[in-house]
Each structure stands twice: as C-alpha cells, then as structure tokens.
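In what follows, chains are A, B, ... by sequence order, proteins preceding strands, each numbered from 1.
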Amino acid sequence: FKPAPAKNGKGTYTILMPPPNVTGKLHMGHALDHTVQDVLVRFKRMQGFETLWVPGQDHAGIATQAKVEEKIFKEEGKTKHDLGREEFLKRVWAWKEEHGDHIIEQIKKLGDSCDWDYFTFTMDEIPHKAVNKFFVDMYNEGLIYQDNYIINWDPKLQSAISDAEVDHEEVQGNFYHIHYKVKDSNALLEVATTRPETLFGDTAVAVNPNDDRFEHLIGKKAIVPICNREVTIVADTHVDMEKGTGCLKVTPGHDFNDYEIGKRHELEIMNILNKDGTLNDNAEAVKGLTAKEARKKTVELLEELGQLVKVEAHTHQVGHSQRSGEIVEPMVSKQWFLNTKEMADTSVKEVENGNMTFFPKGWENTYFSYQKNPRPWCISRQLWWGHQIPVYECAECGHQWASEETPHVCPTCDSTAFKQDSDVLDTWFSSGLFPLNTLGWPDEEAMKEKGFDKFYPTSTLVTGFDIIFFWVARMMMMCNKATGKSPFDHVYIHAIVRDKDGVKMSKSLGNVIDPLDIISKYGCDALRFTLAVSSGYNRNINLDPEKVEGYRNFVNKVWNAFRFIYPYLENANDKGFEVDDLHHHERWILAELNDVTKKVTESFEEYRFDDGCNAIYAFVYDKFCSWFIELSKGILNSENQNLKAQRANVFKHCFKEIMKLLHPVTPFISEEIWGYLKTEDEDLLISQEYPVYKEELNFSEDVYNMERFIEITSSIRNLRSQANIKPKEEIEVRFFTDDEELAKYFFKSRGYFKELARVKSGKIKDKSIERPTKSIMRATPHTEIFVPLEGVIDIHEYIEKLNNDLKKAEKEFEKVEKKLKNPKFIENAPDEVVEEVKGKAQGFEEKMKSIQNSLEGLS
RNA sequence: GGGCGUUUAGCUCAGCUGGGAGAGCGCUACCCUUACAAGGUAGAUGUCGGCGGUUCGAUCCCGUCAACGCCCACCA
C-alpha cells in the first residue's frame, strides 16, 4: 500500500481520505466513499503511478466532547466544570485511546489500500503546528480578528456555531400583530412578529422610507409594550412594504437583519438572553423563562394590555443546530472571525480557470453559490476539546498577541501573568489544513520525510456533496492561502446512499443497512462491485440488498469459471501465443478483451465507475463465459495437444487480464485467483501493470463473424424452443444465404453449431433453392434458418409469430424507406449515414421477403 | 423568495458532440446439459412527463407547462 517509484513515465497520484470522526461508526456512505477511492488508487497504482492514499481521523470537537461529557455525567454524576479543563481533557484523550480505533478497524474490512504510516489524527503534533502557524499568520495579517458580532448561538452546547452548521427547518408558528404606541401621538403602529418575546430587546421600530402610511412618524418615538421603553422610529429600505404590516420591530441583539439595520442607524444592542437561552434581567417581566415560555407569557401580558391585535398561523423557516438539534439563537457575542473574502475569491477563480475541476461538473454551481458572498467565518467555539486558540493576553499590560509556541513571557512587558484565550477552534479549521498537515506541513523535516513536494497538490478528492462547503471550499481557501496552490486537481462528488425506496437511511426510521452485515452475508467484493457499478455522475444510490446479491452471484460466476478452467491450465506452456497461429475464436476473444480494456480504462479515468464495471461484467459474463468457454470445450477435451496447449495459453492470458481489470473493484477474489495463475517471478496482483489497449489485437473481421455466429446460434435455439425440441435431441438445420463469405464461415463453424445448438447436420444453400416443407423458419437480414418440424407445434401460434416478426420488419423498413424517399435527407445527411440507411433498408427488405415466402408456403 | 436538479421497460438507472430505444434486477416458458440452479436457454414489456419550435431527421438542441426532489436565503 506504500507508494512505489513511478513506472512507464507516470507521475504521482495522491488521494486524501476524508477523515472519519473518532466518534464515528462505519456506514454505507463510508463504504461508497472508500470503495471509489480504493478503486482509483488500485487502478492508478497498477497503471504505474507513484500512488499514495492518506488515511486520517478527525477529532470532531463537538461530537466527541458531548459524548465524553455524557459518559462522565452518567457514570460519576459530574459535569466537566466539576473536573476542570485539564482533567476533562485527560478523560477525552483516554476515551479516544480506548474507542478511537473502532471505526479504523471497521474501515480495514473494506479492503482499503491506504498507507497507514501516513495516518494523521487532526490533534497530532503536526496538525497542531499547522493550525497554529496558519492562525498566527492570519492574525498577523489582520484576517483573523476578534469582534462583537451577531452569531448563531447553540443554547444546548453553549457555544457559537458557524453559519454552515445551521439547518433551516420549516416550523409551524404564529404571526403576532402587536400595537406599539407612538409618543406624543394617538397613532398606533401595528407590528408583526413571529417572536414577540424579543420585544424586550427592541431598540427601534423600522418602516420603509417610501411608505407614505408611516412617513409622518419617522423620527418620532415608539413605546415598546410591557417594558415601556422609548425607541426611535427609523426609515430603512430593508423593510418590505408588502410583508407583514410594513412595520418592523428592530431587535439588533437577536436577529441578523435587525443587527444590520442597527448598524446602519447606530442603534443600541441589547442582549436579553443568558447563555442557556433563557431570558435575562433585561427582560424583567419574563426573566428566567425559556424562549418558548417567555413567548407565551409575553403574549398573555400583551393581551392584558390590549395591545395584541391578532394572531395568525404562519409557517416559517427556523434555524436549528446541526449538532444538537436545538433552535439556534442569534446573539451578539465576542468571537474570533476569519475574513474569507479574498480566499473565497481565489478558490472560485481556481475552479473557473480550470486549475481544479469538479466531476460531475454540475457541482461547481453549488460550490460557487457558497462562496460568492462570504460572510466572516466564526471560528471560535466555547468548547474544551479542540485546538485552543493561540492568542495570549497579558494581565499586566493588556497586550494581546498570537504565538505558534507557548510563550514564556509577555513580549512587551516581560510579565508572566498572561493567559491563553480559552476558546478552541472550529473543527473545520484543522480539517481545512488536512492536505497540508498530512504531508508534514509546516514542519520542514516532516515535509521532506513525507514527500510534500512530490505529493502536494494531491490528485483527486472523493467526497459527498454535503461537505462541499464545510470541507472542500475550506481546504481550497486555506491551502491556497498557505501555499498558493489548490490542494487537488479533481474533486469527484459521489452519490448519497439511500435505502431501496430512495429514503435517506436513519436510525429512527430503522432503514439503515450496515456495510458489515452486507459484507458478512455477501462478501466485500460483492458490496464493492455493487457500489462501484452504481457510481457515475448520479446523485442518489438506492441500495437494495438484492442488488448486492446479484453482484455476489457475478463474483461467484467468476470463481466458477476459474474453477472450470483451472484443470486445463496444466496444458499451458507459458510461451504465450503467436498472433499468426491464433484460432479465429481466440482472435475474437482477444479483440473483445482489448475493447473492454479500453472502455474500462477510459471510464475509470473520468470517474464513470458504472460504465467501467458494466463493461467488465458484460464481457466476463456474456462474451467470456457464455461463448468463449462454451466454444472451447471441444478443443479442451480433444486429443490435439497443440490446440489444447494454445487454447490453455489463451485462457490463461485472458484470465490473468480479467483479474487485472477486476482487481481495483474486487481485490479479494482477483488476488486469490491470481495466486493460482501467476508465474514464480510474478509478484502480487496489486502490483501488476494494468492492461493496455493494443491496436494490433483489434481483429474486427473475427468480431464481425462472431456476431453472425451468435445471431444464428441463438436463432436455432429459439426455433428449438418454439418446437419444444428436447435439449439433448440433435436436429437437422438448413441455412439459406446469398452471402458467400458468410456461407463459408458457417461451413467452417459447423462443428460449433453442433456443440452449441445440437445441430446434427446442416446444409448451406443460396436463396434460389427451394425451401423445405414441414419446417419452421426464422429470418435474419442475411440468412434464413429452417428446422424440420419434429415435435408438435401449434401451427396458428407459429403463423402468428411469423406475422409478428413480419410486422416488426415492415415497421423498421418503412421507417428507413421514408427517409430514403425524402430528397432532403439524401441531400443533407452525410453520405455515410445515407449508405448505412440504404444497407439497413436492404436487410429489412430481405427479411420481409423471407418471412412472406414462408407464410405463403403455409397457407 | 432565489437557484439547481430529476422525469426513459414493473423497479433502479445508463444513453457521449442529434441518424435504427439499452443494462441490471424482476417477470414468463422450458431445462439438474459433463464450471456454475447463487445456474442455463429462450421470451415479453417503452405515446423516452405534456405541448410547441429548430432540423432532412429530436430521448438528445431551444421555448413553455406540469409533477417530484434538493440546496441556498435574515425566524417581520
């Protein structure tokens, strides 16, 4: 799994594994994500690239801290504050040591061929250094700053969270219409709000400056009900005259819009909430209540005062914390921010100018939409588990500075009485540097050792669309800022795995499919093949275990095919084969193998795993097993040692190539079978060279003939089935064709018709000869096939069948004939298309004639 | 409110720059045929969401309508 020097003039190929959380448990999403990556890595490795797949793990600030807090409270009845920061962190590390490996062990069951020596935990020393370096650089550039700003507050976690961590969900609420009195006037302002309890934090009422209903009141004072505070009536264009009552209460401390209005009008910001989301002293009348309780109480008080005009039902979007599920409270608070304006610009440009490409391309839009209007990223979290913010403040002189290393004294006054900021950084701040820190950045020695210059920028990032902003965009921004280069060339966004009905899997719905269960039931290769064959440029994969079963059967088919061939391989002499000596069936299968090689390679290179896997499946199942093996049985069981040896050589060659083609997708079975096929000086399959398309193996004439052979054989079988002829019974068949070349080929293939369709004897004549009676027939565009009527068949049914065939042929004929009669078609269509259509018309006509003749003979 | 996507066989989906509609699963019939019944052989099934346009020709390009889904947005 370690990078080996590149071969065949190839370069390096690097993938970073999206690091699973320490608290994580393996799910289908991982299985898909890792299957795709492992397919790519094994494919590129075999192609000769110096290939590195870097695994890692994320410390997952909030999730981990919450888990450990819960455990301690359950077992000891203590909170983290009872233990203190230092002791609590010790406990988290202990938990991590004990349980952190769980998901890693699960991942290994998927067959990931990543280099575990590169394993990086986001709280390791190097990532810590990276975080500190990046932070300090940004701090010194002024891009990281501390500010009082309105942020999303999670009252349950009691921490700020970023905009991206807020999900808006539809909630059934009410529109409360409230009367605000106007000072020195009898006028009443009707204000509509969904959150009456925030009126305690109102510091203005706003109307649109162009709204003549309220024009005369602008600049006057309104009186906030219950607390009777006087606030100014301001004019602001943000107010929508059509919406609500056209009159807006302004709560700059607890609403993002109002905050902006407040800034424009220099309004006072009033905080009415405690950290746990309850109302504080500033809302005397509802103090200590939760927001929900306070809302009820406020409405009651308003009713008593006669200032509640009406209540209307209203559905609206309310922000919920992705982490805790709690309703998020906008709150003004002192936090650390990263100004991402320029970084976002750069990361957008990098995609626009093609330095980084999305597959499928459509995801660009999503990526852009997140970054066109970036707001400052709130990076501080009021948690303990994570990278503590490397900013220090001196108690003596008040100096604040950022430092990569823990300082000994204050740089301005030499005092030792300084304190580090107690907040930690958003987990994504360290994940955003993952492409750098996994390769040793910023430690020069580590960078050298890990080959930073060789492996950075990485090649492909494989992930789901849900973290395009969280992770992809942040890596683009931060890594570009740090190095001037985008962290990857390609981003492949794969689908989301859903249940068979297209419903997202969730614990509560009980529709979760556990990859480990699937593996133990059907095998890892079957799961991998299913996921790969389901992955292209699609957005959803509806995973039905029956589908996995189907591909398990395919893996089994491969095994059985090998089991059949294996004993014959002792005839092989490992000399390979001379192209000139090849039997036409051998040329055919080699040409087909050559084709599928090309198709698979091209498909994998553009992340069309569906196309690639389908191509292998069809080749192995239909071409190789159904036809080549069947066609070979005669030779394999014959006494002709030369032919047997050559066929064994071809078999061995094909099977080895098939194992190589399959290896990226089904590494287990292919490596196992390879063990029986390889020569002594050949190494493991994983390090073999991937098959390459060769022009000289493109035997198109043999492919053309074989297609005819298959067509005729199937037709004979069809007739047999129609006449209820016993499978073992041998029959006489007569062919009529005017194509001399074809006739020769059929004659040459007579032995194979016998083996595959139980044809006892067959005469090949041209169409001028009288057709046999007491027979049933089938027509192709070039050949008529007659089988004597042996069993009992329903003559009416047979006539109906012929009529059906005739109708089909007529329909097809009419279609092409219509084209040919259209002078504009002849004039405008390319010559080759016209020729093609002419050929088809002729073929259909022949077929029609054949069937008509036969029908006439029957009547 | 803004944006994006999807609509093709019973189900899940593929159809690249326009030129005779495909796969897997499922279904039907017959078969323990000497690798494979987790199999074999044969077979049935589509107004390519509706309407209009461009074109010699449209599943594919343009317009429009409809249904479904997703994302973003400051909770009046």
Side-chain angles (χ1 to χ4, degrees), chain A residues 150 168 171 173 175-177 191-195 198 206 238-240 243-251 254-261 314 316-319 327-330 362-363 365-366 369-370 373 465-466 468-469 496 500-502 522 530 533-534 536-544 546-547 549-567 606 608 610-611 614 617-618 625-626 629-630 633 637 714 717-722 724 726-728 757-758 812 815-816 818-819 822-830 832-834 836-837 840-841 844:
Chain A
I150 188 155
H168 293 270
V171 162
F175 236 150
Y176 301 89
H177 289 246
V191 167
T193 178
T194 55
R195 301 199 59 190
T198 61
H238 164 75
V239 180
D240 184 340
K243 214 168 174 181
T245 58
C247 189
L248 185 68
K249 66 192 263 314
V250 183
T251 321
H254 299 287
D255 184 290
F256 284 91
N257 282 317
D258 294 5
Y259 181 79
E260 294 300 325
I261 296 175
H314 177 67
H316 56 164
Q317 303 281 320
V318 178
I327 292 180
V328 166
E329 292 293 347
W363 288 112
N365 288 326
T366 307
S369 81
Y370 281 117
N373 282 309
F465 75 85
D466 47 333
I468 289 179
F469 177 68
I496 297 282
K500 70 183 171 70
D501 301 315
Y522 300 114
T530 308
V533 80
S534 307
Y537 293 169
N538 49 327
R539 295 178 168 229
N540 295 307
I541 293 173
N542 297 355
L543 187 69
D544 187 343
E546 270 187 33
K547 196 170 180 181
E549 190 180 331
Y551 289 110
R552 184 273 313 264
N553 295 350
F554 170 68
V555 173
N556 201 38
K557 182 88 178 175
V558 172
W559 181 254
N560 278 324
F562 176 68
R563 238 169 29 116
F564 169 73
I565 287 164
Y566 185 63
E606 49 186 17
R608 289 301 304 252
D610 49 352
D611 288 348
N614 276 324
Y617 183 100
C625 290
S626 294
I629 290 184
E630 295 305 327
K633 283 180 177 172
N637 294 323
S714 300
R717 287 169 171 173
N718 176 299
L719 287 169
R720 295 182 59 112
S721 155
Q722 217 179 326
N724 290 317
K726 293 265 174 298
K728 280 182 180 165
R758 301 252 173 203
E812 283 172 310
K815 226 175 184 173
V816 284
K818 204 177 131 195
K819 277 189 178 182
N822 183 347
K824 284 184 178 169
F825 172 73
I826 307 291
E827 211 174 295
N828 293 322
E832 57 200 58
V833 174
V834 176
E836 209 185 316
V837 173
K840 279 174 195 162
F844 292 137

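For A/Phe465, the side-chain atoms get nearest to B/C71 when compared with the rest of B/C71, B/U41, B/A35. The A/Phe564 side chain lies nearest to B/A35 when the options are B/A35, B/U41, B/U34. Residue A/Asn553 places its side chain closer to B/A38 than to any other of B/A38, B/U41, B/A35.
Contact check for A/Leu248 versus A/Val191: no side-chain heavy atoms found under the 4.5 Å cut-off. Between A/Val837 and A/Phe825 there is a side-chain heavy-atom pair separated by less than 4.5 Å. No side-chain heavy atom of A/Asp258 sits under 4.5 Å from any side-chain heavy atom of A/Ile150.
Comparing B/G53 with B/G43, their C1' atoms sit 41 Å apart, to the nearest whole Å. Comparing the same atom, P, in B/C48 and in B/C70 gives a spacing of 28 Å after rounding to whole Å. Between the P atoms of B/G15 and B/U8, the separation comes to 14 Å (whole Å).
Panel note: side chain A/Asn538, backbone A/Gly536; a donor-acceptor pair is recorded below 3.5 Å. Within the 3.5 Å criterion, the main-chain N or O of A/Thr530 finds a donor-acceptor partner in the side chain of A/Ser534. Although no hydrogens or angles enter the test, the distance criterion places no donor-acceptor pair under 3.5 Å between the side chain of A/Asp255 and the main chain of A/Thr251.
Across all strands shown, A/Val555 has no heavy atoms under 4.0 Å from either base or sugar-phosphate atoms. Nucleic acid contact class of A/Thr198 (heavy atoms, under 4.0 Å, all strands): none. Residue-level contact check: A/Lys633 touches the bases, meaning some heavy atom is under 4.0 Å from a base atom. Residue contacts shown for A/Lys840 include a base, since a base heavy atom lies under 4.0 Å away. Within the nucleic acid shown, A/Glu827 has no heavy atom closer than 4.0 Å to any nucleic acid atom. Residue contacts shown for A/Asp258 are absent, as no nucleic acid heavy atom lies under 4.0 Å away. A/Val816 comes within contact range of no nucleotide atom at all, as no heavy-atom separation falls under 4.0 Å.
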I'd like a table of atom pairs between the protein and nucleotides 23-30 of chain B - only N or O on both sides, under 3.5 Å - with the distance next to each one.
none

Between protein and nucleotides 52-60 of chain B, what N or O pairs are separated by less than 3.5 Å?
residue	atom	partner	partner atom	Å
B/C56	OP1	A/Asn828	ND2	3.4
B/C56	O2'	A/Asn822	ND2	2.5

Distances for protein N or O near nucleotides 15-17 of chain B N or O, under 3.5 Å:
residue	atom	partner	partner atom	Å
B/G15	OP1	A/Arg608	NH1	2.6
B/G15	OP1	A/Arg608	NH2	3.1

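Every residue two or more places apart in sequence or in another chain that forms a salt bridge (charged side-chain N to carboxylate O under 4.0 Å, His left out) with A/Arg552 is listed here: A/Glu549. Under the ring pair (Phe, Tyr, Trp, His ring centres under 6.0 Å) criterion, A/Tyr566 pairs with A/Phe562, A/Tyr676, not counting sequence neighbours.
With rounding to whole Å, A/Glu630 atom CD is found 11 Å from B/C36 atom P. In this entry the distance linking CH2 of A/Trp363 with P of B/U6 reads 11 Å, nearest Å. Look at CG on A/Asn538: it is 16 Å from C1' on B/U8, rounded to the nearest Å. If you take OH of A/Tyr566 and C1' of B/U34, they are 21 Å apart, rounded to a whole angstrom. To the nearest angstrom, C1' of B/G5 lies 13 Å from CD1 of A/Ile468. Across the protein-nucleic acid pair, A/Leu248 atom CG and B/C75 atom C1' stand 12 Å apart, rounded to whole Å. The distance from atom CG of A/Asn542 to atom C1' of B/G69 is 12 Å, rounded to the nearest whole Å. Distance, A/Leu719 CG to B/U41 C1': 13 Å, rounded to whole Å.
A sub-4.0 Å separation between OP1 or OP2 of B/G39 and a side-chain N or O of A/Asn560 is absent. For the OP1/OP2 pair of B/C75 and a distance below 4.0 Å, the side-chain nitrogens and oxygens of A/Arg195 include no atom meeting the criterion. Proximity of A/Lys557 to the phosphate of B/A37: no side-chain N or O atom is located under 4.0 Å from OP1 or OP2.
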Pair assignment for RNA chain B - dot-bracket with | for other-strand partners, Watson-Crick or G-U under 3.5 Å: (((((((..((((.....[..)))).(((((.......))))).....(((((..]....))))))))))))....

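Contact record, A/Thr194 with A/Tyr176: O-CE1, 3.9 Å, taken as the closest heavy-atom pair. Of all heavy-atom pairs spanning A/Thr193 and A/Lys249, the tightest one is CB-CD, 3.7 Å. Shown here for A/Tyr537 and A/Glu606, the closest heavy-atom pair between the two residues is OH-O, 2.6 Å. Of all the heavy atoms in A/Arg195 and A/His254, the pair that sits closest is NH1-O, 4.4 Å. A/Pro567 and A/Arg563 get closest at one heavy-atom pair: CD-O, 3.3 Å.
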Derivation of the ring-ring contact (aromatic ring centres under 6.0 Å, His included) call for A/Tyr551 and A/Tyr617: CA-CA 9 Å; A/Tyr551 289 110; A/Tyr617 183 100; 5.6 Å; yes

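Rounded to the nearest 0.5 Å, atoms CZ (A/Arg720) and CZ (A/Arg758) are 7.5 Å apart.
Remark: A/Lys633 NZ is packed, more than 12 non-hydrogen atoms of other residues, nucleotides or ligands lying under 6.0 Å away.
Residue side chain A/Arg552 reaches the base of B/A38 through a donor-acceptor N/O pair under 3.5 Å, judged by distance alone.
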